[in-house]
Amino acid sequence: DSGVTQTPKHLITATGQRVTLRCSPRSGDLSVYWYQQSLDQGLQFLIQYYNGEERAKGNILERFSAQQFPDLHSELNLSSLELGDSALYFCASSDPKAGGPSDTQYFGPGTRLTVL
Amino acid sequence: GENVEQHPSTLSVQEGDSAVIKCTYSDSASNYFPWYKQELGKRPQLIIDIRSNVGEKKDQRIAVTLNKTAKHFSLHITETQPEDSAVYFCAPLDYNQGGKLIFGQGTELSVKP
C-alpha cells in the first residue's frame with residue numbers, strides 16, 4: 001500500500017458525460033501528479049499540482065481539468081467523454097513536507113474509466 | 001523534452017535465470033532514474049531508483065546501473081522467480097517545469113517455473 005488513495009475504483013459512463021476522479025496523496029506530500037494509461041499510448045503524464053498550484057502540464061486535453069484543494073487532495077475532471085478516453089487514470093504523490101527525497105513518486109491504485 | 005526507449009519489449013526467462021532490461025534517455029539534465037513494476041490492472045510500484053551521483057545500486061535480487069555518459073540505465077534481476085512476472089517500466093524524471101516521469105514503453109517479463 002503506497003498511502004495514495006483514489007476513488008472510485010471503476011467508473012462506467014456514456015459518451016458526452018462528465019466524471020470526476022479523486023485522489024488523496026500520502027500524508028504530508030505536497031505534489032500530486034495525474035497519469036493516463038491506455039493500451040495505445042502507454043503511461044502518459046497529464047498534469048502536476050504542487051501545494052494547490054498548477055506546476056506542469058503534459059498531454060492533457062482541453063476537455064480535462066484538475067485542481068488541488070487546501071487539504072491537498074486533488075480532483076481530475078473529464079468532460080464531453082469520448083470512447084478513446086477509456087483508460088486507467090493514476091495519481092501519484094511526492095514532495096514530502098517533512099523533508100526527504102522530493103522526486104520519488106508513489107502511485108495510487110488507479111481509477112478504471114470505461115466510456116460506452 | 002525527454003525521449004525514452006526501453007528494450008526489450010518482452011522477455012522470457014527460466015526461473016533462477018537473470019533478467020536485464022535497458023532504458024535509454026535523451027535529456028542529459030536528468031538525474032533521477034526509477035524503475036516501476038506493474039502487475040495486470042494494478043498500480044505501478046517503485047522497486048528501485050538511482051540518482052546520478054552513483055553508478056550502481058542494489059537491493060537484494062534487484063540492481064540498477066547507470067551510465068550517464070551513454071545516457072542509459074539498466075535493471076538487473078537475479079535468481080528470477082515466477083512472482084517477478086510483470087511489466088517493468090523505466091521512468092526518468094523530467095525536471096522541466098516540475099518533475100514529471102517519462103515512462104518507457106514497458107517490458108513484459110515472464111518467468112517460467
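Each chain gets a letter, A, B and so on, in the order the sequences are listed, and its residues count up from 1.
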K.L.:
Taking atom CG of Leu83(A) as the centre, does the number of heavy atoms from other residues, nucleotides or ligands within less than 6.0 Å exceed 12?
P.N.:
yes
K.L.:
Taking the side chain as every heavy atom from C-beta outward, state whether Phe90(A) and Gln38(B) have any atom pair closer than 4.5 Å.
P.N.:
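They are in side-chain contact.
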K.L.:
So do the side chains of Tyr32(B) and Thr104(A) get within less than 4.5 Å of each other, counting heavy atoms only?
P.N.:
yes
K.L.:
Assigning hydrophobic clusters by single linkage (Ile, Leu, Val, Met, Phe, Trp, Tyr; side-chain heavy-atom cutoff under 4.5 Å), is Trp34(A) placed with Ile60(A)?
P.N.:
yes
K.L.:
Tell me if the CG atom of Leu39(A) is crowded by more than 12 foreign heavy atoms within 6.0 Å.
P.N.:
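Check fails, neighbour count at 12 or below.
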K.L.:
Yes or no on side chain to side chain contact (heavy atoms under 4.5 Å, CB included) for Ile47(A) and Lys100(B), after CA distance, side-chain angles and deciding distance?
P.N.:
CA-CA 8 Å; Ile47(A) 196 164; Lys100(B) 57 184 182 276; over 6 Å; no
K.L.:
Could you state the interatomic distance from CD (Gln105(A)) to CG (Asp49(B)), rounded to the nearest 0.5 Å?
P.N.:
11.0 Å
K.L.:
Does the ring center of Phe103(B) lie less than 6.0 Å from the ring center of Phe45(A)?
P.N.:
no
K.L.:
Report the C-alpha distance between Tyr36(B) and Leu43(A) in whole Å, list the side-chain angles of each, state the deciding distance to 0.1 Å, and finish with yes or no for side chain to side chain contact (heavy atoms under 4.5 Å, CB included).
P.N.:
CA-CA 12 Å; Tyr36(B) 285 86; Leu43(A) 260 163; over 6 Å; no
K.L.:
Is the shortest side-chain heavy-atom distance between Ser2(A) and Arg43(B) below 4.5 Å?
P.N.:
yes
K.L.:
Side chain, backbone, both or neither: which part of Gln37(A) has a heavy atom under 4.5 Å from chain B?
P.N.:
side chain
K.L.:
Check each atom of Pro44(B) against the heavy atoms of chain A and say whether the ones under 4.5 Å are side chain, backbone, both or neither.
P.N.:
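Both parts, backbone and side chain.
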K.L.:
Around Arg112(A), counting heavy atoms of other residues, nucleotides and ligands shown, do more than 12 lie under 6.0 Å from its CZ?
P.N.:
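Atom CZ in Arg112(A) is not crowded, with 12 or fewer foreign heavy atoms closer than 6.0 Å.
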K.L.:
What pair of heavy atoms forms the shortest contact from Leu101(B) to Tyr35(A), and how long is it?
P.N.:
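Minimum heavy-atom separation between Leu101(B) and Tyr35(A): N-OH, 3.0 Å.
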K.L.:
Check whether Tyr33(A) and Leu30(A) end up in the same hydrophobic cluster, where Ile, Leu, Val, Met, Phe, Trp and Tyr are linked by side-chain heavy atoms less than 4.5 Å apart.
P.N.:
no
K.L.:
Report, as yes or no, whether the 6.0 Å neighbourhood of atom CD on Glu79(B) holds more than 12 heavy atoms from other residues, nucleotides or ligands.
P.N.:
no
K.L.:
For the CD atom on Gln60(B), are there more than 12 heavy atoms of other groups (residues, nucleotides or ligands in this structure) within a distance under 6.0 Å?
P.N.:
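No, the 6.0 Å shell around CD holds no more than 12 heavy atoms from other groups.
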